[in-house]
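Working notes, structure below.
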Amino acid sequence: RSLLGDLTNAFSGLMSSSNGSILSQQQQQQQRTFIQMGTTLKVVDNSGGKEVMCIQSLRGKKGARLGDIVIGSVKEAAHKVDVKKGKDAIQKGKVKKGNVVYGVVVRAAMQKGRVDGSQVRFDDNAIVILGIKEKKKDENGKEKKKKYAGGFHQPLGTRVFGPVPHEMRLKKQLKILSLAQHLV
Amino acid sequence: MRLVKCWFCSSTIYPGHGIQFVRNDAKIFRFCRSKCHKNFKMKRNPRKVKWTKAYRAAHGKDMTQDKTFEFEKKRNRPERYDRNVTEDTLKAIKKIDKIRSSREAQHINKRLKPNKQKIFKSEVKEIDQNINLIKAPGSYQLDSEKTKVLVSTNKSVQNEAMEE
């Protein structure tokens, strides 16, 4: 993949007109891979966030797949609603831009194998925000050291949009399953 | 376990084969192999791609309406297991398959058979246009009445001279 990136850079240096067709050909048959650091994911609940960039995948060396939990930074959140009377704009939703959040991947463009042998893939990468990662405070060092171990966070939002796969059941994200509009 | 049809080519997908693609509007597209999947990604319309069943059905190449197809319809009600029913169903599947494939072959044969009316019309047209190429039936009789022509001896002398 990096090789291809270098090649396209070389091409763009030489020719600019024919580069478009080559790029579009490559884009048409994309090789979908893991969700890793830098991957932007769509937020599909009503927690307030719109787009999250993955900072760390909590499972797998190569990255996260469908059903895995990632830590991300909120890049885009729901706009602040201006209240006429007061000066401060009310933040719509629980999540602000710049928050570091936990999220579970509910839709992945990379195919995932199922127990019956079939493969499933979705149109985009989407997460449901589980919880906001709090910054470690030095004063109450031990208290604030929230280690992500054992207990699963509950989704922060109250609605989930779009199709949700059955893999959530295995990952014990039952609340998301119950909130889902469509189960795949 | 359920056997499903490929969205692109309409062939049956057996367990362990192919990819399911779930679109964001929750519509599921199942593909039997990467060929169909890639064609879908290219946004090709299966009704225009010649090797798919959708094309053949849309263009009347294959049989589409027959009672044998009704046996294969998707039923969402689970059947209570009954050994006899299962046995009979398995036998019936084989028989229905045989009947259906023979009927499909018949349909194709019929389609490929030369159309008699068409041929007749074309032949009539050909005769009308090219009647000048055919000898009149009456003229054959005239030919048969051969006339004897006497050849003079002078010509034979000339031939001998040429031979030398």
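Below, read A as the first sequence line, B as the second, and so on, with proteins coming before strands; counting in each chain starts at 1.
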query = Which members of residues 20-28 of chain B, sorted by number, sit under 4.5 angstrom from chain A on a heavy-atom basis?
reply = Q20(B), F21(B), V22(B), R23(B), N24(B), A26(B), I28(B)
task = Between chain B and each of R107(A), R121(A), Q119(A), count heavy-atom pairs under 4.5 Å; write down the option with the most.
result = R121(A)
query = Do I132(A) and L41(A) belong to the same hydrophobic cluster, where Ile, Leu, Val, Met, Phe, Trp and Tyr are linked whenever their side-chain heavy atoms lie under 4.5 Å apart, directly or via other members?
reply = yes
key: Atom CZ of R32(A) with >12 non-hydrogen neighbours under 6.0 angstrom   = yes
query = Looking at K5(B) and E72(B), does any basic side-chain N land under 4.0 Å from a carboxylate oxygen?
reply = yes
task = Under 4.5 Å, heavy atom to heavy atom: which of residues 177-184 of chain A reach chain B? Give them by number, or say none.
result = H182(A), V184(A)
message = Are there over 12 heavy-atom neighbours, none belonging to R111(B), within less than 6.0 Å of that residue's CZ?
response = yes
ask   = For K42(A), is it the side chain, the backbone, both or neither that has a heavy atom under 4.5 Å from a heavy atom of chain B?
value = side chain
message = Between K175(A) and L130(A), is the side chain to side chain contact (heavy atoms under 4.5 Å, CB included) condition met? List the steps.
response = CA-CA 11 Å; K175(A) 184 110 198 279; L130(A) 294 177; over 6 Å; no
key: Test side chain to side chain contact (heavy atoms under 4.5 Å, CB included) applied to N130(B) and I134(B), step by step   = CA-CA 8 Å; N130(B) 302 325; I134(B) 302 172; over 6 Å; no
task = Count the heavy atoms belonging to other residues, nucleotides or ligands that lie under 6.0 Å from CD of E104(B), then report whether that count exceeds 12.
result = yes
ask   = Y102(A), V106(A): one ILVMFWY side-chain cluster at the under-4.5 Å cut-off?
value = yes
message = Under 4.0 Å between a side-chain nitrogen and a carboxylate oxygen: does that hold for R100(B) and D66(B)?
response = no
ask   = If you group Ile, Leu, Val, Met, Phe, Trp and Tyr by side-chain heavy-atom gaps below 4.5 Å, do F122(A) and V104(A) land in one group?
value = no
message = Only heavy atoms, only distances under 4.5 angstrom. Which residues in residues 156-166 of chain A are near chain B?
response = G162(A), P163(A)
query = Which is it for R33(B) and C9(B) under the side chain to side chain contact (heavy atoms under 4.5 Å, CB included) test, yes or no, and what are the steps along the way?
reply = CA-CA 10 Å; R33(B) 54 198 194 280; C9(B) 65; 3.9 Å; yes
ask   = Looking at F29(B), W51(B), F31(B), which hits ring pair (Phe, Tyr, Trp, His ring centres under 6.0 Å) with F8(B)?
value = W51(B)
ask   = Heavy-atom count around E79(B) CD within 6.0 Å, excluding the residue itself: above 12?
value = no
query = Would V120(A) end up clustered with V4(B) when hydrophobic side chains under 4.5 Å apart are linked, directly or stepwise?
reply = no
inquiry  = Run K74(B) and R2(B) through side chain to side chain contact (heavy atoms under 4.5 Å, CB included) and show every step you take.
reply    = CA-CA 10 Å; K74(B) 184 182 181 185; R2(B) 190 183 274 259; 3.2 Å; yes
message = Tell me if the OH atom of Y14(B) is crowded by more than 12 foreign heavy atoms within 6.0 Å.
response = no
query = Residue by residue, which of residues 81-93 of chain B have a heavy atom closer than 4.5 Å to a heavy atom belonging to chain A?
reply = none
inquiry  = Starting from I176(A), can I reach V44(A) by hopping between I/L/V/M/F/W/Y residues whose side chains sit under 4.5 Å apart?
reply    = yes
